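Working notes, beginning with the structure itself.
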There are 2 protein chains.
Amino acid sequence: MAQRMAGEDRRRQILDAAVRVFARQGFHTCRVADIADEAGVAYGLVYHYFGSKEEILDRIFLERWNVMLEVIREIDAGDAPARAKLEGVAGFIVESYRHDPDVMKVIIVEVTRAANSFGRTHLEKIGEAYDLIAQIVAHAQEDGEFKDTVTPKFAAMAFYGAIEQVLTGWIFDLLPSGDVEFDRAKGLIVETVCGGLDATPASAGTV
Amino acid sequence: MAQRMAGEDRRRQILDAAVRVFARQGFHTCRVADIADEAGVAYGLVYHYFGSKEEILDRIFLERWNVMLEVIREIDAGDAPARAKLEGVAGFIVESYRHDPDVMKVIIVEVTRAANSFGRTHLEKIGEAYDLIAQIVAHAQEDGEFKDTVTPKFAAMAFYGAIEQVLTGWIFDLLPSGDVEFDRAKGLIVETVCGGLDATPASAGTV
DNA sequence: ATAGGGATTGACTCGCGAGTCAACTCAGTG
DNA sequence: CACTGAGTTGACTCGCGAGTCAATCCCTAT
C-alpha cells in the first residue's frame with residue numbers, strides 16, 4: 001500500500017497521523033493499529049520508525065514545546081515592557097492553537113495536563129516554561145513595572161494556568177472559539193492577569 | 001482477614017484506600033488488587049461494593065466536587081463584594097487541599113485535568129463550577145465592581161485556571177508548599193486576578 | 001441449635017493491545 | 001541480471017489486569 005519513501009518523510013507521515021489520532025481518540029484509548037491505519041501504513045512500520053507508542057507522543061510534544069521555549073527566550077531577551085512580553089507569550093500560544101489545534105490539543109490534554117500518568121516525564125521540560133515566564137515577571141518587578149506582592153513563580157503559574165484553562169475551554173467547547181475569540185483572547189488574558197478584573201480609574205470602566 | 005463490618009463503613013474503607021492508592025500510583029497505573037491490599041480486603045470485595053474501578057474514582061470525585069459546588073452556591077448567594085466571594089472560593093479550595101491533599105490530588109490529576117481520558121465524563125459537572133464562578137463575576141460586572149472588558153465565562157476560566165495551576169504546582173513540587181504558603185495563596189490568587197500584576201497607585205508599590 | 005443470606009475470599013477467565021519477527025518487496029548497485 | 005539491504009507487511013506472542021464466580025464464612029433471626 002505505502003509507496004517507498006525517504007526515511008524522514010515517512011517519519012513525518014506517521015507523526016502527523018498520530019497527531020490526528022491522538023487528538024481524535026486520545027492517547028490511551030487509541031491503538032497503535034489506528035495510527036498505522038491513519039497513516040496508510042502497515043502496523044509494523046510504526047515500530048520501524050519509533051521505539052514505542054509513547055515515543056511518538058514524546059516527539060510530538062518535544063518538537064513543539066522546544067519551539068515555544070525558544071520563542072519565550074527570545075521575547076524575554078528583548079527590552080519591551082513586561083506586559084508586551086507576556087502578550088507575546090500568550091499570542092504565540094494562541095496562534096499555535098489557531099494554526100494547528102490538533103497538535104496543541106494533544107500537547108495540553110495528553111502531556112501538559114497529564115504529567116502524572118507518565119510518571120512525571122516531561123515535568124522538567126514543562127517547568128522550563130514556567131521558569132522563563134517567572135523570569136519575565138521577576139525582571140518587571142525589579143523595574144517596578146509589576147508589584148512584588150507575589151513571587152515570580154507564583155505569578156507565572158497563575159498566568160500560564162489562565163492560558164491553559166482558556167485553551168482547554170476551547171478544546172472541550174466550554175468556551176466559544178473562533179478567529180474573533182482567538183484575537184481577543186490574546187490581549188484579554190494579559191489584561192486580566194496584569195490589569196486585574198477590578199474596575200480601576202486607569203482602565204475605561206463600564207459605568 | 002477483614003472483620004465483618006456494616007456496609008457503609010466498608011464502603012468508606014475501600015474508598016479511602018483507593019484515594020491513597022490513586023494519589024500514590026495514579027489511577028491508570030494502579031491495579032484493583034492494590035486498592036484491595038491497601039484496604040486490607042479481598043480482591044473480590046471491591047467488586048461487591050463498586051461496579052468497576054472507574055466507579056470508585058467517580059465516587060471520590062463527585063463526593064468532594066458536590067460539596068464544593070454547594071459551598072460556591074452559598075458564597076454567591078451572600079451579598080459580600082465579589083472580591084470577597086472569590087476569596088471564599090479560592091480559600092475553600094486551598095483549605096480542601098490542606099485538609100486532604102490526597103483527595104484533591106486525585107480529583108485534579110485524575111479527573112479535572114484528565115477530562116479527556118474518560119471520554120469527557122464529568123465534563124458537565126466540572127463545567128458547573130465554571131458557571132457558578134462566572135455567575136459571581138457577572139454580578140460584579142453589573143454592580144460595576146468589575147470592569148466588563150472580559151466575558152464572565154472567560155474570567156471564570158482564568159480564575160479557576162490560576163487556582164488549579166497553583167494546586168498543581170504544589171502537587172508536583174514545582175511550587176513551595178506548606179501552611180504559610182497556603183494561607184498566602186488564598187489572598188494572592190484573588191489579588192492577582194482581581195488587582196492584577198501591574199503596579200497601580202491604589203496598591204502599595206515596591207519602589 | 002440451625003437455617004438463611006449477606007459478607008468475604010481469591011483463583012480463574014478472558015479480551016485487549018503493545019511489541020516481535022520472519023517473510024516479502026523492490027530500488028539501487030556492480 | 002543476480003545480489004543486497006533498507007523498507008514494508010501483518011499474523012502472532014505474551015503479559016497484564018479488569019471483572020467473574022463458586023465456595024466459604026459468620027452474623028442474625030427464629
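Here is how names work: the chains are called A, B, and so on, in the same order as the sequence lines, proteins then strands, and each is numbered from 1. In this text, all values refer to a predicted model and were calculated from it rather than measured experimentally.
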Under 3.5 Å donor-acceptor, B/W170 side chain and B/L175 backbone: no
Could you state the atom-to-atom distance from CD1 of A/I14 to C1' of D/dG7 in whole Å? 11 Å
Test item: B/D143 side-chain N/O and B/A140 main-chain N/O as donor-acceptor pair under 3.5 Å: no
Nearest-angstrom distance from the residue atom NE2 of A/H28 to C1' of C/dC16: 16 Å
Return the nearest nucleotide to the side chain of A/L45; candidates are D/dG7, C/dT9, C/dT8. D/dG7
Toward the 5' end of DNA chain D, by each residue's nearest nucleotide, B/K53 or B/G44: B/K53
Proximal nucleotide (of D/dT8, C/dG19, D/dT9) relative to the A/Y47 side chain: C/dG19
Tell me: CD1 of A/I56 to C1' of C/dA18, nearest whole Å? 11 Å
Let's see if you can work this out: which of D/dT20, D/dG17, C/dA7 has an atom nearest to the side-chain heavy atoms of B/R31? D/dG17
Please report, rounded to the nearest Å, how far the P atom of D/dA6 is from the CG atom of A/D9. 18 Å
Which whole-number value in Å describes the distance from A/D37 CG to D/dT9 C1'? 13 Å
Between C1' on C/dG17 and CG on A/D34, what's the gap in Å once rounded to a whole number? 10 Å
Between B/H48 and C/dA7, does any side-chain N or O lie under 4.0 Å from OP1 or OP2? yes
Closest approach to the side chain of B/Y49, judged atom by atom: which nucleotide of C/dT8, C/dG19, C/dT9 is it? C/dT8
Walk me through it: do A/Q13 and A/Y49 pass the test side-chain hydrogen bond (donor to acceptor under 3.5 Å, both in side chains)? CA-CA 11 Å; A/Q13 179 188 1; A/Y49 285 99; over 6 Å; no
Among C/dA7, D/dG10, D/dT8, which nucleotide sits nearest the side chain of A/Y43? D/dG10
Verify, without hydrogens or angle tests, whether A/E110 (side chain) and A/V106 (backbone) share a donor-acceptor contact under 3.5 angstrom. no
Exam field: side chain A/E145 to backbone A/R83, donor-acceptor pair closer than 3.5 Å: yes
Given atom CD of B/E54 and atom C1' of D/dG17, what is their separation to the nearest angstrom? 15 Å
For D/dA6 and A/R10 - does any side-chain N or O of the residue sit under 4.0 Å from the phosphate oxygens OP1/OP2? no
Note every stem involving DNA chain C: at least three consecutive Watson-Crick or G-U wobble pairs, i with j then i+1 with j-1, with both distances under 3.5 Å. C:1-30 with D:1-30
Is the backbone of A/V21 close enough, under 3.5 Å, to the side chain of A/E38 for a donor and an acceptor to pair up by distance? no
Using atom CD of B/Q13 as one end and atom P of C/dT8 as the other, report the distance to the nearest whole Å. 9 Å
Backbone N or O of B/A23 within a donor-acceptor pair of the B/K105 side chain at under 3.5 Å? yes
